[in-house]
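Below: one structure, written as structure tokens.
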Number of protein chains: 2
Amino acid sequence: MRKNQHTRADQTRDRILRAAIREFSEHGLAGARTSAIASAARVNKALLYYYFRDKEALYTAALEEVAGKVAGDAIAVLDLGCSPGERVLRFALQHFDRNLSHHGFQSLMQQEMVRFRTGQSHAMRIIAKNAFEPMWDRALGLVHEGIGSGELCNVDPMQMMYAALGANVFYFLSAPMVRLVTSSDPLEPGPMAERRTAAIEYLGQTIFTDRRRGARLARTVLAAMPIPANAIPERKTA
Amino acid sequence: MRKNQHTRADQTRDRILRAAIREFSEHGLAGARTSAIASAARVNKALLYYYFRDKEALYTAALEEVAGKVAGDAIAVLDLGCSPGERVLRFALQHFDRNLSHHGFQSLMQQEMVRFRTGQSHAMRIIAKNAFEPMWDRALGLVHEGIGSGELCNVDPMQMMYAALGANVFYFLSAPMVRLVTSSDPLEPGPMAERRTAAIEYLGQTIFTDRRRGARLARTVLAAMPIPANAIPERKTA
DNA sequence: TTAGTTAGATTAACCGGTTAGTTAAAATGT
DNA sequence: ACATTTTAACTAACCGGTTAATCTAACTAA
């Protein structure tokens, strides 16, 4: 079960996968160029087909890699030792931070949702079962537990999740438009940090039965989880 | 300023544009096939190039059409005679309904956001100025007014918008995944109607200073705006 | 008459995928 | 210990299909 052997081959495969994630997230399946992936991975184009059956298999592999990592990180947070309510806050904040530091991942997922909805996608079923179902079950169970113990308000867990995660997705999705329409740039460190704080505080004030406790936990969580560095900076090509 | 002349030419142009919107929203700029657009519009391929310079110009035109319509509809709601708070609720509900009945539009916008963020897109600047800026200014002004009159809670209008619209976008975006992960389908009429109600009621309870008033207005708005028919049904191609 | 439209052939570029071959290192034989 | 064979990793060059876009010539409706 060794996943990351230090052999040269595995390093190469990994380079290809990373390059693929980037290319696909920026251009979609159809728009991505295999030659671009190859050169970004500093590899000959034919080598892509040595490691992966075809373009779509590479795309699927990229998707699974991303989904696996996202779900794995999330589950680690969901299994923390603190109270259910605090874990929900941490979960939401982690989701925000993932958008911030790896928003290529999020683009990839979003594009795949569109692709799947229009009825072309085998990958989705697989990553749903392997990655997202375990995560989702845990998240909903957690909210359930929090409601049971009286910590969280008694609302449909699903609806709570939409509120918690939707605002994050929308913030990053609309950022380019907001930058053009207003004079400030939501992706600049200042506004970003403000929004990050606001999102968690808002959540703390709305999902807890004891608002005061919610506010305090929000502050705790924000203090415990620092703003991550932007791991994969955007390259402005055009 | 006659926009929709009844001449044959304008009808044809319109058919092309509609077909383009659909094709681009389902497959993206790169994935869309001009031949598919032509045949969907029941038109010869050469005619596309009679009306539009090239594929990208057609794409841009499709985007402008969508943006214009969205912003126009939204502004009509924002300029209604009722109180600012009620108009915000109507605005949010309209946004939900647009996702429901024209979610091709939303896909198109989402894809373009990704495209723009990675630095390829002239269209965005144009539609931001012409369509979204007027809409956005009005929406924010409205919230401001509502806060001024004491109807709405004194929170950053922008943050309120993220909460109001984000959950909607995320609901539809995640629907395919949720369908696979849970046993219920968010896009079925039942869950859909439930979510629609929940979203507006939630908003009513969180943005108004007088929660009771918010709840009442939410009911009013829900009663006044019926669930629209799914105007552009999905065709499952694969 | 003329703007709108079709049919279909054609071109040129692009791009996914293949092929045939190279290199390096590990495995094997002696 | 050294020669050899095998295997895995990798590359340069190319092929064939696809696709956007053009052109010509004719047809049709207002």
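Proteins get letters first, then strands, A, B, ... in listed order; numbering begins at 1 in each. These numbers come from a predicted model, not from an experiment.
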Next on the checklist: It should be established whether B:R33 places a side-chain nitrogen or oxygen under 4.0 Å from OP1 or OP2 of nucleotide D:dT19.
Outcome noted: yes

Checklist entry - A:Y51 OH to C:dG17 P: how many Å, rounded? => result 18 Å

Next on the checklist: If I take atom CG in residue B:N44 and atom C1' in nucleotide D:dC27, what distance separates them, rounded to the nearest angstrom?
Outcome noted: 13 Å

Checklist entry - Among side-chain atoms of B:E112 and B:S121, is any donor-acceptor pair under 3.5 angstrom? => result yes

Checklist entry - Using purine N1 to pyrimidine N3 plus N6-O4 or O6-N4 for Watson-Crick, or N1-O2 and O6-N3 for G-U wobble, each under 3.5 Å, what pairs with D:dA30? => result C:dT1

Checklist entry - Whole Å only: how far is the CD atom of A:Q11 from the P atom of D:dA8? => result 19 Å

Checklist entry - Can you check the B:H27 NE2 to D:dT19 P distance for me, whole Å? => result 11 Å

Checklist entry - Would you call B:R138 and B:D79 a salt bridge, taking side-chain N to carboxylate O under 4.0 Å as the test? => result yes

Item to check | Whole-Å distance separating the OH atom of B:Y50 from the C1' atom of C:dG8 | outcome: 19 Å

Item to check | Spacing of A:L47 atom CG relative to C:dG17 atom C1', expressed in whole Å | outcome: 14 Å

Checklist entry - Can you tell me how far P of D:dA21 sits from CD1 of B:I37, to the nearest Å? => result 10 Å

Checklist entry - Looking at B:T12, does any N or O in its side chain come under 4.0 Å of the phosphate oxygens OP1/OP2 on C:dG4? => result no

Checklist entry - Between the side chains of A:R179 and A:S184, does any donor sit under 3.5 Å from an acceptor? => result no

Checklist entry - Is there a side-chain polar atom (N or O) of A:T34 under 4.0 Å from OP1 or OP2 of C:dC15? => result no

Checklist entry - Can you list the steps and then say if A:E65 with A:K69 is a salt bridge (Lys or Arg N to Asp or Glu O under 4.0 Å)? => result CA-CA 6 Å; A:E65 170 78 13; A:K69 185 168 164 40; over 6 Å; no

Checklist entry - Would you say the side chain of A:K45 and the base of C:dG16 hold a donor-acceptor pair, judged only by whether the two atoms sit under 3.5 Å apart? => result yes

Checklist entry - Which of these nucleotides, D:dT19, C:dG17, C:dG8, is closest to any side-chain atom of A:K55? => result C:dG17

Next on the checklist: Regarding B:A32, tell me which of base, sugar-phosphate or nothing describes its non-hydrogen contacts under 4.0 Å with the strands shown.
Outcome noted: sugar-phosphate

Checklist outcome for this item: In short, A:L187 meets A:F172 closest at the heavy-atom pair CD2-CD2, 4.0 Å

Item to check | Length of the line joining A:L48:CG and C:dC15:P, which is rounded to integer Å | outcome: 15 Å

Checklist entry - Which part of the nucleic acid does A:R53 contact within heavy-atom distance under 4.0 Å: base, sugar-phosphate only, or nothing? => result nothing

